[in-house]
Amino acid sequence: MEEPHRPPLLLPPIDADRRLRGPYTAGGAVAAALVPEARPELVARYDIELCTVAPDLRELVPARRRSMAARLPRAERILVHAPRRTLRIANGLAEFVREHLSATGPRTLVVTNVHEADPTDRELLRVLRRRIGPELLTVVTTGQEPSGEGAGGKPGEELSPEEHDKRADELEARGSIGARLGAIPYHREHGTDPRKAVEALRFAVEWCLDAGCHHAVAELGLRALPLVDPETDPDLWWRFLHSTATALGSLHREDEAEALFDRARRESLSPVTHAAAAYSTGMLKVRHHDPARRDLDAALAWVNEAIAISTLLPDPGERAFKLGFDLNGRALIEVRRGRPAKALEFVQRAVELADGGLRPDEHPIHRMVLLANRAQLSVMLGDPEGALADLNRVIDADPGYPDYYIDRGNLLYRLGRPAEAVADYETAVEVGPPFPEPYYNRAEVRFSAGDYAGALADLDHALELDPDFVDALANRAGLLVALGEYGRARADAEAGLALEEGNPYLLCALGQVEMAEGRHAQARAAFDRALERAPSLIAAWAARGALAFETGDPAGAAEDFTRALEPGADPALLFNRALALRAAGRPEEAAADLARALELDPADEDAQREFAALRAEMDGRR
């Protein structure tokens, strides 16, 4: 069979085996090939993504966007990247490649040994295929090695321990960070000096944790733990264990993470270790990815134990930080228990501990987290202005962290300041790698302003960045229903329900599609399922009321519209209920609804016309 005609190679075939250069072995090779020839302004635009996938390019890629964490000591970098961080990086690199190829012409990317690649590279290859059309990039993946050894020698070769030492020494002499994430740890583990293996693994684990490469942290950490004695080097052993368990928890492997914390309790006599293990176990219990396995009582017991131990720590600064950390965890549990006022008490205590027990320049990220959490609780408790003041302080302290702009934008929108909210969403886009939330939130602002085309464009882009973003699928399905694009709306609803069975918003959108297409029984079933899961969902009550009216049940329609009106008067719902009440033979109630609707919206011509007709009908009966 003839080989298909393909564009020229982007670069020679890449061996993606993670044992060569760790996470982004393939992505780093792509970046290294393109950065020297790419436009400087394009390189600058994607500095974070390029330096993450190819850390050895730091001299060629000046840091344009930096968060506070980049300049802090490691002990103060307490924020752990969310698992979707790598998707942000992949999207940014895909945009970089797409823009470069748009100027230089189509190419073919060949990647081998994908079965040995780190999950970051496999995710990146999926994103490249999804976001760059075949007219620009043809991606070919195989399980076969290319000829030659690749950078620094193939780790899988059969070498003696002494040869592994030599290979590691050669790689270290080159000073490559990439090799220190893959080949050097591998060779040191198979060499003659366990101490060098531990040091190589320590560097790789720390770098990968900072970058959010959780799969690599879990793999490297589990390889490192057997090499460290918890009695002779307890601090390093705990760092490996804690980093590994943190990564496992982020990957929804909570049972394995908890087993490691159990091991820490068995092995360690350190109060700090026991407090941290108790806190971390409590967070596993309260945040478990499976809601059915969350256990607030167990979480409360573990976090209380952490608080009790941290309260007794002798060093004032260490006590202020660790106790504040634990109190913040207790606040999360109180929120999940439906007690935001109690949660605020714990966060406030943590803020006071930081203010009174830490130096002014110490642990700034910890302070930011506390203020951001206090802001969320203030919103829950009806103090949005207080929340805004806290979020302003957080963003002033670290203008390079994108997620807090989303929080402040949402609050500003709630406060009736949509233009400022949009400005925050757009700043979030600028200061970090691409992620869908700014577009998702801006779509809501645009929809509320009647800009349906702009809202749809934002939701389209959010789902281009993350096709599994269920909330965006639900919102786009609802918007497509409103636009009469029922086929696309059904596709979104079904795609979302495949990801999250029983999502009430998706069921409501699906019911609206079924109703529009005349499948009334299926529509009713979808609305019923939605309301079983979300009894206060106004859209589902309103849609089910419309279905009841359409199918000849005006009394049932009036009941459903009444439920939809429980949160407050709405002129459109009042008008619909009036129609149902009139059809059900209850004209006085219908007239009252129409009168109230006209109070709220005096210019509504449909309500004016219906009210006049109803009054004439009632007068004729007298």
Side-chain angles (χ1 to χ4, degrees), residues 17-25 27-28 51-56 69-70 72-83 85-86 89 116-121 152 155 164 168 171-172 175-191 193-230 232-254 256-261 263-264 267-268 272-273 276-277 280 284:
D17 192 325
R18 65 192 182 284
R19 294 170 296 178
L20 288 170
R21 291 180 296 279
Y24 296 113
T25 290
C51 288
T52 299
V53 303
D56 292 302
L72 290 176
R74 183 168 301 280
E76 297 194 12
R77 301 178 203 168
I78 62 170
L79 287 178
V80 176
H81 285 302
R85 162 76 173 188
T86 56
I89 298 299
E116 295 287 3
D118 184 84
T120 53
D121 270 328
H164 278 294
L171 290 169
E172 284 188 345
S176 162
I177 295 175
R180 294 181 72 182
L181 304 179
I184 291 174
Y186 177 86
H187 289 305
R188 290 300 185 200
E189 285 176 272
H190 293 80
D193 191 340
R195 293 171 301 174
K196 289 186 176 180
V198 168
E199 177 57 28
L201 287 164
R202 181 199 61 77
F203 176 88
V205 165
E206 290 180 351
W207 192 96
C208 291
L209 188 65
D210 283 347
C213 301
H214 297 305
H215 289 92
V217 173
E219 179 182 342
L220 293 163
L222 291 172
R223 282 158 49 187
L225 275 170
L227 304 178
V228 184
D229 187 334
T232 58
D233 198 347
D235 291 341
L236 181 58
W237 178 82
W238 166 247
R239 282 159 59 193
F240 275 130
L241 186 146
H242 187 261
S243 297
T244 306
T246 298
L248 290 168
S250 296
L251 297 172
H252 297 172
R253 295 163 62 181
E254 290 95 344
E256 295 171 75
E258 187 172 352
L260 285 179
F261 291 128
R263 181 178 171 187
E267 298 279 357
S268 176
V272 172
T273 296
S280 299
L284 291 174

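In this chain, residues are counted from 1 in sequence order.
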**Q** Calculate, to the nearest 0.5 Å, the distance between atoms CG and CG belonging to L79 and L72 respectively.
**A** 10.0 Å
**Q** I'd like to know if the side chain of S268 reaches the main chain of A264, judged simply by a donor and an acceptor atom lying under 3.5 Å from each other, with no hydrogens or angles considered.
**A** no
**Q** What pairs with E219 under side-chain contact (heavy atoms from CB on, under 4.5 Å), at least two apart in sequence or on another chain?
**A** R18, R223
**Q** Please evaluate residues L225 and L260 with respect to the criterion side-chain contact (heavy atoms from CB on, under 4.5 Å), reporting the C-alpha separation (whole Å), side-chain torsions for both, the decisive distance (0.1 Å), and the verdict.
**A** CA-CA 10 Å; L225 275 170; L260 285 179; 4.0 Å; yes
**Q** What pairs with D193 under salt bridge (Lys or Arg N to Asp or Glu O under 4.0 Å), at least two apart in sequence or on another chain?
**A** R195
**Q** Considering only heavy atoms from C-beta outward, does the side chain of H214 approach that of V80 to under 4.5 Å?
**A** yes
**Q** My understanding is that only residues two or more places apart in sequence, or in another chain, count here; which of them pass side chain to side chain donor-acceptor pair (under 3.5 Å) with E199?
**A** R202
**Q** Could I get the full list of side-chain contact (heavy atoms from CB on, under 4.5 Å) partners for D235, not counting sequence neighbours?
**A** none
**Q** Return the set of residues passing salt bridge (Lys or Arg N to Asp or Glu O under 4.0 Å) with R188 (not counting sequence neighbours), or none when no residue passes.
**A** D169, E172
**Q** Please answer whether the main-chain N or O of E189 pairs with a side-chain N or O of H164 as donor and acceptor at a distance below 3.5 Å.
**A** no
**Q** Check residues 236-246 and write down every donor-acceptor pair under 3.5 Å in which the side-chain atom is one partner and the other belongs to a residue at least two apart or another chain.
**A**
unit_1 : atom_1 : unit_2 : atom_2 : d
R239   : NH2    : E206   : OE2    : 2.5
S243   : OG     : R239   : O      : 2.9
T244   : OG1    : F240   : O      : 2.6
T246   : OG1    : H242   : O      : 2.7

**Q** Looking at D56 and I177, would you say the former's side chain and the latter's main chain have a donor-acceptor pair under 3.5 Å?
**A** yes
**Q** If I compare all heavy atoms of H215 with all of P119, which pair ends up nearest, and what's the gap?
**A** CG-CG, 3.4 Å
**Q** Kindly indicate, with the supporting measurements, whether the criterion side-chain contact (heavy atoms from CB on, under 4.5 Å) is fulfilled by Y24 and I89.
**A** CA-CA 10 Å; Y24 296 113; I89 298 299; 3.6 Å; yes
**Q** For residues 240-254, which residue pairs pass the salt bridge (charged side-chain N to carboxylate O under 4.0 Å, His left out) check, not counting sequence neighbours?
**A** R253-E256
**Q** Looking only at heavy atoms, which two atoms of A218 and A247 are closest? And how far apart?
**A** N-CB, 4.0 Å
**Q** Please enumerate all residues that pass side-chain contact (heavy atoms from CB on, under 4.5 Å) together with T25, with sequence neighbours excluded.
**A** L20, R21, D121
**Q** What distance separates S280 OG from E258 CD, expressed to the nearest 0.5 Å?
**A** 11.0 Å
**Q** Side chains of L171 and S176, heavy atoms from C-beta outward: is any pair under 4.5 Å?
**A** no
**Q** Considering residues at least two apart in sequence or located in another chain, which fulfil the side-chain contact (heavy atoms from CB on, under 4.5 Å) criterion with P83?
**A** S250
**Q** Using only atom types and a distance under 3.5 Å, with no angle test, would you say the side chain of D17 pairs donor to acceptor with the backbone of A117?
**A** no
**Q** Please report the interatomic distance CZ(F203) to CZ(R180), rounded to the nearest 0.5 Å.
**A** 4.0 Å
**Q** Which pair of non-hydrogen atoms, one from P23 and one from L181, has the smallest distance, and what is that distance?
**A** CD-CB, 4.4 Å
**Q** If you compare all heavy atoms of I184 against all heavy atoms of A200, which two are closest, and at what distance to 0.1 Å?
**A** CG2-CB, 4.1 Å
